[in-house]
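Report on the following structure.
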There are 2 protein chains.
Amino acid sequence: MEPVPRGVVSRLPLYYRALALLDQEKVPLISSQDLGARLQLTPAQIRKDLSYFGRFGKQGRGYNVKRLLLELRRILGLDREWGMALVGVGRLGRAILSYGGFNPQGFKVIAAFDTDPSQIGKKVGNLTVQDFSEMPAAVKSKRLFIGIVAVPPPQAQGVINQLVSAGVKAILNYAPGQSQVPEGVHLREIDPVMALQSLTFYLKNTQEKAAR
Amino acid sequence: MEPVPRGVVSRLPLYYRALALLDQEKVPLISSQDLGARLQLTPAQIRKDLSYFGRFGKQGRGYNVKRLLLELRRILGLDREWGMALVGVGRLGRAILSYGGFNPQGFKVIAAFDTDPSQIGKKVGNLTVQDFSEMPAAVKSKRLFIGIVAVPPPQAQGVINQLVSAGVKAILNYAPGQSQVPEGVHLREIDPVMALQSLTFYLKNTQEKAAR
DNA sequence: ATATGTGAACCAGTTCACAGCG
DNA sequence: CGCTGTGAACTGGTTCACATAT
């Protein structure tokens with residue numbers, strides 16, 4: 001199989017989300033045309049993206065929503081539950097733990113760690129905060145492949161390194177700052193400040209006009 | 001001036017962040033080579049990106065960190081404070097309000113809104129939650145150009161529409177789901193679940209190997 | 001000697017356009 | 001007839017390579 005472009009992979013969850021909504025709305029069939037209109041993408045792009053993985057549509061009709069949803073679930077590896085290890089249970093970490101969006105999608109924080117002795121042993125939700133030194137054993141025994149990093153920026157790289165040595169293959173990093181991961185490990189950064197900073201680039205030009 | 005590619009704009013905050021760190025480390029000068037090594041980008045890309053905005057380097061030496069930092073601040077419009085309107089003060093909204101990363105970068109939540117009568121009038125941090133119906137007046141009088149959306153997904157599009165009619169030009173959306181904005185308004189989505197879903201695509205293939 | 005700035009060459013990813021199937 | 005799937009054409013963004021400045 002040819003290597004799938006990075007951009008395709010980042011659009012698949014978008015398709016998945018849109019199709020889940022369509023399914024809820026009891027739409028049985030959708031054309032690349034209509035899906036494209038919803039997502040502001042060209043029909044050709046959607047068809048080409050999906051063609052990397054198979055032939056899921058029916059000519060003259062479009063895509064069966066339930067079928068495509070199932071295929072995407074399989075392609076994205078969402079047909080199982082993913083356990084995750086959270087590192088850092090400060091304000092940010094607690095917000096992540098109480099975030100209701102993970103569980104319904106099959107993502108579950110299985111263990112939470114911190115280095116602060118005053119936190120260790122405390123219950124947060126239905127998890128007990130463990131000492132970070134116990135992380136490698138937990139990651140191995142519970143077969144966790146995803147780590148969530150919610151520690152202060154200066155500690156992030158160290159935590160990431162240790163998660164990786166413990167066997168974690170994917171990291172969701174909430175700590176702003178450029179972090180490195182070795183080949184074969186995947187990293188996503190959640191950084192609202194960076195998002196804002198690229199927004200202001202465009203605002204700066206609009207601003208004067210709006211002020212008049 | 002030629003239009004700046006989208007990708008360039010999204011890398012500028014990356015440069016900005018790295019340079020701020022270098023400045024803290026008292027590094028006076030950096031070459032595109034060295035900066036590229038830190039950010040895992042090619043030197044050529046960094047030079048080309050910066051060349052859209054001017055000639056900031058010195059041949060034979062590299063870039064003066066302080067100078068470039070200042071230029072980027074100007075380019076990104078970070079040489080002022082940006083007031084923001086937050087909509088939704090549930091769990092997520094409160095987490096955003098207490099997030100310490102915005103203020104040091106010049107982003108400040110100036111007003112917070114909700115439709116839930118039991119929330120209105122309550123103090124959250126040093127802000128008083130206002131009724132969402134007061135949003136347009138506040139956005140106008142306080143010259144807010146950025147809105148943060150932290151309401152449940154089904155309400156997001158409606159809230160976005162009203163923010164836009166009130167004059168907001170940029171939206172940071174924490175509500176998962178495809179939202180539309182008119183031409184000239186900019187939107188960024190913060191969606192950790194989508195980030196995870198594109199990670200599992202890669203994990204799915206690594207997983208079996210790790211299990212052995 | 002060293003590292004920038006940039007036109008030119010290259011390449012990946014998007015779009016086109018149409019054959020083929022339902 | 002409508003819409004998919006896909007090779008081919010195109011586009012624009014990245015990388016190369018070198019003239020230029022210090």
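None of the values given here were measured: they were computed from a predicted structure. Labels below follow one simple rule: chain letters A, B, ... track the order of the sequence lines, proteins then strands, and each chain is numbered from 1.
If you measure from atom CZ of B/F56 to atom P of D/dA21, you get 18 Å, rounded to the nearest angstrom. Rounded to whole angstrom, the span from the NZ atom of A/K58 across to the P atom of D/dT4 amounts to 12 Å. When rounded to the nearest whole Å, the span between CD of A/Q45 and C1' of D/dG5 equals 15 Å. Here the P atom of nucleotide D/dT4 and the CG atom of A/N64 are 13 Å apart, to the nearest Å. D/dT14 atom P lies 8 Å from atom OH of B/Y52, rounded to whole Å. If you take CD1 of A/I46 and P of D/dC3, they are 14 Å apart, rounded to a whole angstrom. The interatomic distance linking A/K48 (NZ) with D/dA9 (P) rounds to 13 Å, in whole Å. Rounded to whole Å, atom P of D/dT14 lies 10 Å from atom CG of B/L41.
If you check every strand for non-hydrogen atoms under 4.0 Å, B/G7 touches nothing. Nucleic acid contact for A/R11: sugar-phosphate only, since backbone atoms but no base atoms lie under 4.0 Å from a heavy atom of the residue. When heavy atoms are screened at a 4.0 angstrom cut-off, A/R47 is found touching base atoms of the nucleic acid.
Of the two residues near DNA chain C, A/D49 and A/R55, the one whose nearest nucleotide lies more 5' is A/D49.
Residue B/Q59 has no polar side-chain atom (N or O) positioned under 4.0 Å from OP1 or OP2 of D/dT20. Regarding contacts with the backbone of D/dC3, every side-chain N or O of A/S31 stays at 4.0 angstrom or more from both OP1 and OP2.
Salt-bridge formation is detected for the pair A/R11/A/D49: a Lys NZ or Arg NE/NH1/NH2 atom is positioned less than 4.0 Å from an Asp or Glu carboxylate oxygen.
Across A/V9 and B/S198, no two heavy atoms sit closer than the pair CG1-O, 3.8 Å.
When each of A/V168, A/V151, A/I171 is tested with A/I160 by the rule side-chain contact (heavy atoms from CB on, under 4.5 Å), just one qualifies, namely A/I171.
Taking the 5' to 3' direction, DNA chain C first and last meets chain B under 4.0 angstrom from a heavy atom at C/dT2 to C/dA8.
In this structure, A/K204 is positioned above the aromatic face of A/F201, its NZ or CZ under 6.0 Å from the six-membered ring centre and within 45° of the axis.
To the nearest 0.5 Å, atom CG of residue B/L97 and atom CG of residue B/L86 are 5.0 Å apart.
Under the 30°/60° scheme for interplanar angles, the aromatic rings of B/F145 and B/W82 are found to stand perpendicular. The aromatic rings of B/F132 and B/F113 lie perpendicular to each other, with more than 60° between the two planes, well past the 30° mark.
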